[in-house]
Amino acid sequence: MINTADTAALFEQPYAYRRRELIEPDWTRLPGWRDVRREQWESAQWQRAHCVKNVKQLRELYGDLLDERFYADLVADQQRSATMSMLVPPQMLNTMVPHAVPDTEAFYADPVRRYMIPVASDRLPDWPSHPYATRDSLHEHDMWVAEGLTHRYPTKVLAELLSTCPQYCGHCTRMDLVGNSTPTVDKLKLTLKPADRYGAMIAYLREHPGVRDVVVSGGDVANVPWRHLEAFLMSLLDLGTIRDIRLATKALIGLPQHWLQPEVVEGLERVARTAARRGVNLAIHTHVNHANSLTPLVAKATQTALEVGVRDVRNQGVLMRGVNATTADLLELCFALQGEAGILPYYFYMCDMIPGAEHWRVAVWQAQQLQHDIMGYLPGYATPRIVCDVPFVGKRWVHMLTDYDREHGISYWTKNYRTSIEKDDTEALSKQYAYYDPIDTLPESGQDWWRKQQAEA
Ligand code: SF4
């Protein structure tokens, strides 16, 4: 006979699902927002005007809840390492230590803080950057066929309409182009006027009817004035050859107030209805890395987009140590996306090989293990794929490597199409392309090998 305790043991699972309904954290717990009213909080203009852009503004918000040690750590990072300037909307700050009055230790440990407000002590002292880290690690700029238009896959393009966002993430893979220059990174600049840039993109797509899928991105499309974005999207729909349009916006979670403005909602409905009539799949792709970022306002913005006819809202998160790289964190996030916010868990990208990212990056074998461990809990269609964006190759599922030198942390990948810069490369489809694990995750012998490589370089 099995007693109750045995039954519990029999059904104990590595992860125990428990529904958690979304809660908007109380912003008045922070000294600088003690008197902020709901109508201010829900205003996109108020949110944009009260973004935190520097240490002085962070200090005005938190006051002495945070020790001087934290502020000094932040200044040190901005001067020595940061690849992105600071820009955090109140909505995002409010999801850091969301249900308590923060103190220094809790703020340091917070997963959203770890990637939105990086500090010097977060970075790895020995290997802050991988020796093969580069500014444009995916070579998107190299593959521009018009300013801002990356043609990397045969049937798909990425249209970077602008180089700004309502929020700047410390790990941004487009750190080469996006945001303001920092003391260590002089950013690439878009040079054409926006109307000319958009016109050149449309002209390229008109001349290349084999391209059927456009990711409309940046930066973040939430920073494109709505009438300009709507005109660009209608031009895409008028081409007739474009069958999929994905709008890339982290603002859906960083500034959901933007996507709830009447002008934006009404305009989105016009575009969505036109897309639906013409049989084009219009979707929003957002970027959520932790369950704490999901609040009722995010769910409302998502629901509104779906109600006005957007076919789907999907999440492309980034897998990062200290943020979400555990089975429990990934599943919590996916259940909150799928069950509470109406957002499909779609991809988790491995963090790209940009400078200063080693403390966030995970090894390929760790990503494979995480993919294994999250299988079977979510509906199959809502089980995200963990992907590695291999330089010169593109997205590959993490189990698709062809060879793996675990000692030196080098995985090898192949591909089945040419990018726009490989038209004449006869070996493009037969050679292997390398991807590198963070060196601190390697066995001691592998770490020694890299130290020797560095010394001889
Ligand atoms: S929202 Fe996207 S493009 Fe903008 S800084 Fe973050 S990761 Fe980069």
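Start at 1 and go down the list; that is how both ligands and their atoms are numbered.
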Novice: So does Lys300 have more than 12 non-hydrogen atoms from other groups sitting under 6.0 Å from NZ?
Specialist: no

Novice: Please identify which atoms of ligand 1 are closer than 4.0 Å to at least one heavy atom of Lys250.
Specialist: 1 (S)

Novice: Which is it for Cys169 and ligand 1 at heavy atoms under 4.0 Å: side chain, backbone, both or neither?
Specialist: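 Both backbone and side chain.
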
Novice: Below 4.0 angstrom, N of the basic side chain to O of the carboxylate: do Asp213 and Arg243 qualify?
Specialist: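 No, this pair does not count.
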
Novice: Does some non-hydrogen atom of Gln167 fall short of 4.0 Å from ligand 1?
Specialist: yes

Novice: Any idea which atoms of ligand 1 are less than 4.0 Å away from a heavy-atom of Cys165?
Specialist: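 Near Cys165, the atoms of ligand 1 are 1 (S), 3 (S), 4 (Fe), 5 (S).
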
Novice: Does the separation of the ring centres of Phe107 and Tyr62 fall below 6.0 angstrom?
Specialist: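 Yes, ring centres under 6.0 Å apart.
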
Novice: Does Tyr132, at its OH atom, have more than 12 non-hydrogen atoms belonging to other residues, nucleotides or ligands within less than 6.0 Å?
Specialist: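 No, because the 6.0 Å sphere around OH of Tyr132 holds 12 heavy atoms or fewer from other groups.
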
Novice: Show me which atoms of ligand 1 lie under 4.0 Å from any heavy atom of Tyr168.
Specialist: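 Answer for ligand 1: 5 (S).
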
Novice: Identify the residue among Arg174, Arg152, Lys415, Arg361 that makes a salt bridge (charged side-chain N to carboxylate O under 4.0 Å, His left out) with Asp389.
Specialist: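 Going through Arg174, Arg152, Lys415, Arg361 one by one, the salt bridge (charged side-chain N to carboxylate O under 4.0 Å, His left out) with Asp389 is satisfied by Arg152 alone.
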
Novice: Which of the numbered atoms in ligand 1 are under 4.0 angstrom from any heavy atom belonging to His287?
Specialist: 7 (S)

Novice: Which residue and atom name correspond to the protein heavy atom nearest atom 8 (Fe) of ligand 1, and how close is it?
Specialist: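 Checked against all protein heavy atoms, atom 8 (Fe) of ligand 1 sits closest to Cys172 SG, 2.3 Å.
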
Novice: Taking the basic N atoms (NZ, or NE/NH1/NH2) and the acidic carboxylate oxygens, is any pair closer than 4.0 Å for Glu269 and Arg273?
Specialist: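 Yes, this pair counts.
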
